[in-house]
Amino acid sequence: MDFTADYRRWYENQCGIEVPAWGRPAADRVLERIGTVVTRMESGVRTLCDPARPELLEAFRAANLAMALQMRHSAPDQAGERRSRHDPVHLEPAPDPAATWRPFQLAFFLLTLDGVADPRHPDRSMTDLIWFPTGGGKTEAYLLLAAFAMVLRRRDPKGGGTAVLSRYTLSLLTTQQFQRAATTVCALETLRRADPRRYGDEPFSIGLWVGEATSPNSYEAAVTAARDVRSAARPEDVFILDRCPWCGTRILPAHRSADHADYGVRAAADSFAFFCPRDACTFHNELPVAVVDQQLYDRPPTFVLGTVDKFARLAWEPRAGRLFGTGTGSLPPSLVIQDELHLLTGPLGTTVGLYESAILGLCARADGTGPKVVASTATIRRSGEQVRALYGSEVQLFPPAGLDARHSYFAEPDTSRPGRLYIGVMAQGHTAGRAAVATAAAMLQGAWELPEEHRDAYWTLVAYHHSLRELGRTVTAAADDIPAQLAGLRAASGSRGLADHQVQELTSNLARAEQPVLLDRLEKPWTHPEAVSFLPCTNMLSVGVDVKRLALMLMQGQPKTTAEYIQATSRVGRHSVPGLVVAFFNATRPRDRSHYEAFHPYHRALYRHVEPTSVTPWSLPSRRRALHAALVILVRHRLGLSAENQAGELPERIGEARELAELLARKAGASDRRAAHAVRTELAELLATWEEAARNARQEGRELYYRSQGKGQHNLLKNFEQHGGLWETLHSMRSVDRECQVTVKGADQ
């Protein structure tokens, strides 16, 4: 209780601060938010220590131990370099001094505890949003909550199957977080193996649910990919998992090997599994990790990570409902995590929001209680409106700021060491291309002239661009103009070279298999022959990439949104070394010139300029595009009509289908009261169309299929496409990286 008591004292001190009369209403709103958090945290402590529910404290201790193991096994000596099975490695590393909790992480757990532990608690319907600067530890905060939820579910006889759903918008972000979450799940599995009586016979496992461009979606595709990998001279990481989450051993060898034991994949016609190639690893026989869709449906993982576009496939995939407990005898997921919430905006967020109503419906239990929803972001404004549109619920922003926005008890300005430094550059009387070359060369040369003990942190220059066209110009300059400029900057220590292999691009065009290889190269010190000197990139870098070495950035022009500017520049100087960001402005662009002239006041209040998001899932164009998809998802997977030829059984279940339609209408009303009546009317029309199609098919002696398998078969989804555009929706969401960049970022178009 001392932990929450100190927070309460801080809150009471805030209440005692004198505020002018004109600021009293705003101050009351701020204090009310803090008071709500204090009350919920104190309630979480009482719940955790309730002698009538000892399983909660046991689950917390298990989750805490699992996170400690996760932090140890994610330490640099494990994850910093992919090791072969023959390299020496310590399988049980010493405790990492940094493997300790930050106060806000434990506070967030206490805040959300009641909503996770008790499905009927009022907090269950509250969406809790972590709003913390990038690099602050948001991922560990919700991973602790996920581990707690997974362990607690094992106390329920129906607690198997998928317990946690986590969604992302970018595949690069998804695969990076997948590796971290996989280590947590491996830690839980080691605890389960040591005490199966307490945690059950079903393994803790994790699955990645993404498109075919990222991982094989069928056993057949996995067999083909495994065969190609074994015949390749330099195997590519086509299976996402590039290293053992537990000991850091390469899943695939760096070069072709005659020993099949060097390849940590087993692919067969009816199964797929990872294993650690290292004989001494705890997971040498099999890793609790799945990346093939058929494998996920056969054995629903405890923790499922996916990109938001994948959930559009629920209307088309007969077996996808198994991830929500359909046909498995397990409860539906009890925790839903949405990372980088600010990316769900514009057309992408609008479409995702409508699908979200169906997904939350699939997660609802028989008594109507839904899952606990948590989200995280570092840049957001008007979060209440966005969350209400996406989830139809109220939001609790955590941690709430105090009366001074710079102080929230859990975060205070650190004036003891230099932070990230922003410098604005605009060349008058010179072409933008020539000035950009001179700026990049000066920054590269400046790193060369630093003392060797400081050189590594600023060795890699990240050049951030807003379109592939601008990036192409920089890459061309890096092959000729920049090296020539460097040659003219000779200092006493000489000039820095820039060879072709030292220049690497990070864009959506980079093959998925090459992404982890590049991230590994970025971790290598400047003395390493594979070190990267120059990294031209687009907004692929701006979310989720955490490379401790990066501290130097050249921002080519002003991004379209402040949120992108904050996210992108926060990729450098995230750890012990201060970051340096040079913003290069084009003097011929009025917007760039305006930002240059207001450079100082803009950066002094950077977060104040974050733009509000726009999400309208229940607008008429959005309903025409995907409302029928949400209805099909619910009816197909909630009523057990999942097989392709069961679409014609709707008339016998029409009463239950109308209840599901009413559920969607209530979701619409919670998000937008003005749209509720129209949604209810349109859903009734869709059900009537569906029922009529089923009856017509019966009269003709045929079956109604969701998706026809041959000529002469009635196709429900094809019929619905004529009313809206489900097929177009699915394909527009399929490449979520590019979709996200177009609608949210405006780059890589």
Side-chain angles (χ1 to χ4, degrees), residues 423-450 455-511 514-515 517-519 521-522 524-542 547 549-559 568 571-572 580-589 592 747-749:
I423 297 176
V425 174
M426 187 172 72
Q428 300 276 30
H430 296 274
T431 63
R434 181 73 193 90
V437 166
T439 304
M443 295 176 72
L444 288 166
Q445 180 66 14
W448 170 266
E449 295 181 13
L450 288 173
R455 190 175 294 177
D456 183 58
Y458 301 97
W459 186 256
T460 301
L461 173 60
V462 179
Y464 193 88
H465 302 78
H466 316 302
S467 70
L468 288 174
R469 183 191 309 172
E470 292 180 358
L471 180 137
R473 295 194 189 103
T474 299
V475 172
T476 301
D480 186 16
D481 295 343
I482 295 178
Q485 182 76 15
L486 283 169
L489 295 176
R490 291 190 179 276
S493 57
S495 63
R496 179 176 177 178
L498 190 63
D500 289 344
H501 73 278
Q502 296 173 329
V503 179
Q504 291 292 322
E505 300 178 37
L506 179 58
T507 71
S508 60
N509 293 331
L510 183 68
E514 297 178 18
Q515 292 173 5
V517 177
L518 175 56
L519 292 176
R521 285 191 60 188
L522 290 174
K524 298 185 185 303
W526 73 279
T527 53
H528 197 284
E530 292 187 7
V532 177
S533 294
F534 193 39
L535 182 72
C537 63
T538 58
N539 57 358
M540 281 287 286
L541 180 90
S542 64
V547 180
R549 284 186 58 255
L550 300 181
L552 185 63
M553 174 177 282
L554 173 62
M555 175 66 68
Q556 293 275 27
Q558 184 67 27
R571 299 305 114 187
V572 298
L580 175 62
V581 178
V582 176
F584 178 84
F585 298 102
N586 188 334
T588 63
R589 295 177 180 172
D592 277 19
D748 273 21
Q749 297 184 32

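The NE2 atom of His430 sits 13.0 Å away from the CG atom of Asn586 when rounded to the nearest 0.5 Å. Atom OG1 of Thr439 sits about 9.5 Å away from atom CZ of Arg434, to the nearest 0.5 Å. A distance of 12.5 Å separates OH in Tyr458 from OG1 in Thr460, rounded to the nearest 0.5 Å. In this structure, Met555 CE and Phe585 CZ are separated by 9.0 Å, a value rounded to the nearest 0.5 Å. If you take CZ on Arg473 and CG on Asp481, they are separated by 13.0 Å, rounding to the nearest 0.5 Å. Between atom CG of residue Leu489 and atom CH2 of residue Trp448 there is a gap of 13.0 Å, rounded to the nearest 0.5 Å.
Using a 4.5 Å heavy-atom cutoff, the side chains of Phe534 and Ile482 are in contact. In this structure the side chain of Leu468 reaches within 4.5 angstrom of the side chain of Thr538, judged on heavy atoms. Here the side chains of Gln502 and Arg521 are not in contact, with every heavy-atom distance at 4.5 Å or above.
The heavy-atom pair separating Val437 from Ala477 by the smallest distance is CG2-CB, 3.9 Å. Taking every heavy atom of both residues into account, Arg455 and Ala447 meet most closely at CG-O, 3.3 Å. Between Trp459 and Arg549, the shortest heavy-atom contact is CB-NH2, 3.9 Å. The nearest pair of heavy atoms linking Val462 to Cys537 is CG1-SG, 3.7 Å. Residue Pro483 comes nearest to Leu498 through the heavy atom pair CG-O, 4.1 Å, listed as atom of the first residue, atom of the second, then distance. The two atoms that bring Val572 and Met553 nearest to each other are CG1-CB, 3.9 Å, heavy atoms only.
None of Leu471, Asn539, Leu535, Val532 except one satisfies the side chain to side chain contact (heavy atoms under 4.5 Å, CB included) rule with Leu506; the exception is Leu535.
Panel note: side chain Asp592, backbone Ala587; no donor-acceptor pair is recorded below 3.5 Å. Looking at His465, its side chain never comes within 3.5 Å of a backbone N or O of Gln556 through a donor-acceptor pair. Put simply, the side chain of Arg496 never gets that close to the backbone of Gln445: no donor and acceptor are under 3.5 Å apart.
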Worksheet item: Would Tyr464 and Val581 satisfy side-chain contact (heavy atoms from CB on, under 4.5 Å), going step by step from the backbone distance to the final call?
Response: CA-CA 10 Å; Tyr464 193 88; Val581 178; over 6 Å; no
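Heavy atoms of other residues, nucleotides or ligands lying less than 6.0 angstrom from NE2 of His501 number more than 12.
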